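Single-structure report; data block below.
Here the structure is a predicted model, which means the values were calculated and not measured.
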Amino acid sequence: MSTTPDKEITMTSATELNRLAQETTGEHGEVVLRTTESAANRRSRITTGILITVLGLLLLGLSLTAKGSARFALSDAFDAVQLPTFSLPGLATVLVCGALATLAGVGYLSGRLHGRLPALAGTVAGLAVMIGFLAWAAAGRDLPFPISNQLNGTFAIATPLVLGALAGVLCERAGVVNVAIEGQMLVGAFAAAVVGSTTKSIPAAVIAAVIAGVAMAALLALFAITYLVDQVVLGVVLNLFAVGITGFLFDQLIQPKSSTLNAAPQMETLAIPGLSELPFFGPVLFRQTALAYIAIASVVLVWFLLYRTKWGLRVRAVGEHPKAADTVGISVTRMRWSAVLAGGVFAGLGGAFFTVGSTGAFSKEITVGNGFIALAAVIMGRWHPVLAAMMALFFGFVTQMASQLSALNTPAPSQLLLMLPYLATIIAVAGLVGQVRAPAADGDPYVKEGH
């Protein structure tokens, strides 16, 4: 007896349904849910696993050259309380750290890590690579690696990166790509140097930096939101404009009168009474400049604004679905303008660090790409203010580590270490650190229907 095509399809469909039912049913008849990995997730997992595995294998190779003990000092020579210096066996430490990183990478590649395990494996791999590399670099050296100096410098270097990252988070949460963080910080640094030099007032210099950052942000908002210019191209143009205008004014105005226009006062470290006297943690956390404390407070402030206020809810709404937000009466243009201008405040503060917060003088392109690293911190931090600040601290840690290791005469070339933050920037932009999803309307101009 022949079977019609319709019956064949029905029988095939019934067989497939029965097979799926058997696959999704447990031994006692309960339903077992299984998730299917998307192509994007699989690609991200594999690239992340390859990266971690390569770093782990590199550590295993470096362990063969680790000789002697790696010493780490918890205090520097100027601390009132001298903490002991501890040692780790160089070969064993690098070997164990390399093995842990390699196992974490293999776990990613296997696809058997679910739930919180991928984040845990990534954290273990990151710590293993950091500790293993430091142990290899410090093994057999005459001087110990100064941990307190490392952490103190990390906070100082990360201060402008944190503020720049917050500027990027605010803009992109509202749907505006801010590639111009570098330019906003550069103009802020210039304004702080000039005003600080003429007034000899640090508060006046900081206010001038904020005004300059907001002015650059207003240009970004004007052309990106009002005139719908391509935001990435606009950001590049604004960066070039900032380099050009500050360079021109430096040559024509500041350099001929550098003694009066480029000699701003420098911020001194502020010691918090009581807390600054704590062993180890006191000098690291509670003896920083005012801008460092402002950066820490700004992370909390931006988080509160975005996730605990009506304004933040509306900003995130126009960044995810501007048409829906417009339908319920939210002005997309007004919310995006306010977020971009608020971001300009933090970018200007970050720019002030390079002059009144550190050297007291301005030089051409003094920000040296920190705005782009801040943008990478935004991406690596999943457009979240706290996570972006943590990524900024990571970049600061790597940069400070390069200078510390060069003083110890380690086998690692300092030029290679200085490249690490920029290599991490490339990795972040390429999306090799896990799946990241920007706000749905990030970079998309919005035109109200009927206009």
Side-chain angles (χ1 to χ4, degrees), residues 35 37 41-66 69-72 74 86-139 145 147 150-151 154-155 158 280-281 284 376-377 379-382 384 386-402 404-405 412 417 420-421 423-428 430-436:
T35 58
E37 187 179 31
N41 287 348
R42 183 175 182 273
R43 182 169 56 254
S44 176
R45 173 179 59 80
I46 291 177
T47 52
T48 303
I50 291 175
L51 177 64
I52 295 176
T53 303
V54 169
L55 292 176
L57 293 176
L58 180 61
L59 277 181
L60 291 177
L62 292 176
S63 66
L64 301 177
T65 62
S69 298
R71 296 187 299 148
F72 298 90
L74 296 176
F86 66 94
S87 300
L88 294 175
L91 174 61
T93 303
V94 180
L95 192 62
V96 170
C97 290
L100 288 175
T102 303
L103 289 175
V106 172
Y108 266 95
L109 292 173
S110 67
R112 297 182 180 275
L113 301 179
H114 303 288
R116 297 183 180 272
L117 289 180
L120 178 61
T123 302
V124 170
L127 291 175
V129 170
M130 179 185 67
I131 296 173
F133 182 79
L134 286 178
W136 169 78
F145 182 84
I147 296 180
Q150 169 67 29
L151 296 181
T154 296
F155 284 109
F280 184 71
F281 293 103
V284 172
I379 299 172
M380 292 183 70
R382 270 68 169 172
H384 191 283
V386 178
L387 295 179
M390 293 176 63
M391 293 301 104
L393 285 173
F394 163 73
F395 289 124
F397 183 90
V398 175
T399 304
Q400 175 67 9
M401 183 176 64
Q404 295 287 344
L405 292 180
L417 294 174
L420 291 181
L423 291 176
T425 303
I426 296 173
I427 292 173
L432 299 181
V433 292
Q435 184 188 16
V436 294

Leu393 side chain reached by Phe155 side chain, heavy atoms, under 4.5 Å: yes
For Met391 against Gly381, the heavy-atom pair lying closest together: CG-N, 3.8 Å
Can I get a per-line list of side-chain donor-acceptor pairs under 3.5 Å for residues 54-66, giving both atom names and the distance, sequence neighbours left out?
| from | atom 1 | to | atom 2 | distance (Å) |
| --- | --- | --- | --- | --- |
| Ser63 | OG | Leu60 | O | 2.5 |
| Thr65 | OG1 | Leu62 | O | 2.8 |
| Thr65 | OG1 | Trp136 | NE1 | 2.9 |

Minimum-distance pair of heavy atoms, taken over all atoms of Arg382 and Leu387: CB-CD1, 4.4 Å
Please tabulate, one pair per line, all N/O donor-acceptor pairs under 3.5 Å involving side-chain atoms of residues 100-108, not counting sequence neighbours.
| from | atom 1 | to | atom 2 | distance (Å) |
| --- | --- | --- | --- | --- |
| Thr102 | OG1 | Gly98 | O | 2.7 |
| Tyr108 | OH | Pro118 | O | 2.6 |

Nearest heavy atoms of Leu109 and Arg45, plus distance in Å: O-NH1, 2.9 Å
Closest non-hydrogen atom pair between Ala135 and Ala70, with its separation: O-CB, 3.5 Å
CG-CG distance between Leu88 and Leu134, expressed to the nearest 0.5 angstrom: 10.5 Å
Phe397: partners by ring-ring contact (aromatic ring centres under 6.0 Å, His included), with sequence neighbours left out: none
From Gln150 atom CD to Phe145 atom CZ, the distance as rounded to the nearest 0.5 Å: 4.0 Å
Contact check, side chains of His114 and Leu117, non-hydrogen atoms, under 4.5 Å: no
With sequence neighbours excluded, residues passing ring-ring contact (aromatic ring centres under 6.0 Å, His included) with Phe86: Phe72
Note, Leu51 side chain near Thr47 side chain (heavy atom, < 4.5 Å): no
Other residues, nucleotides, ligands: >12 heavy atoms within 6.0 Å of Met130 CE: yes
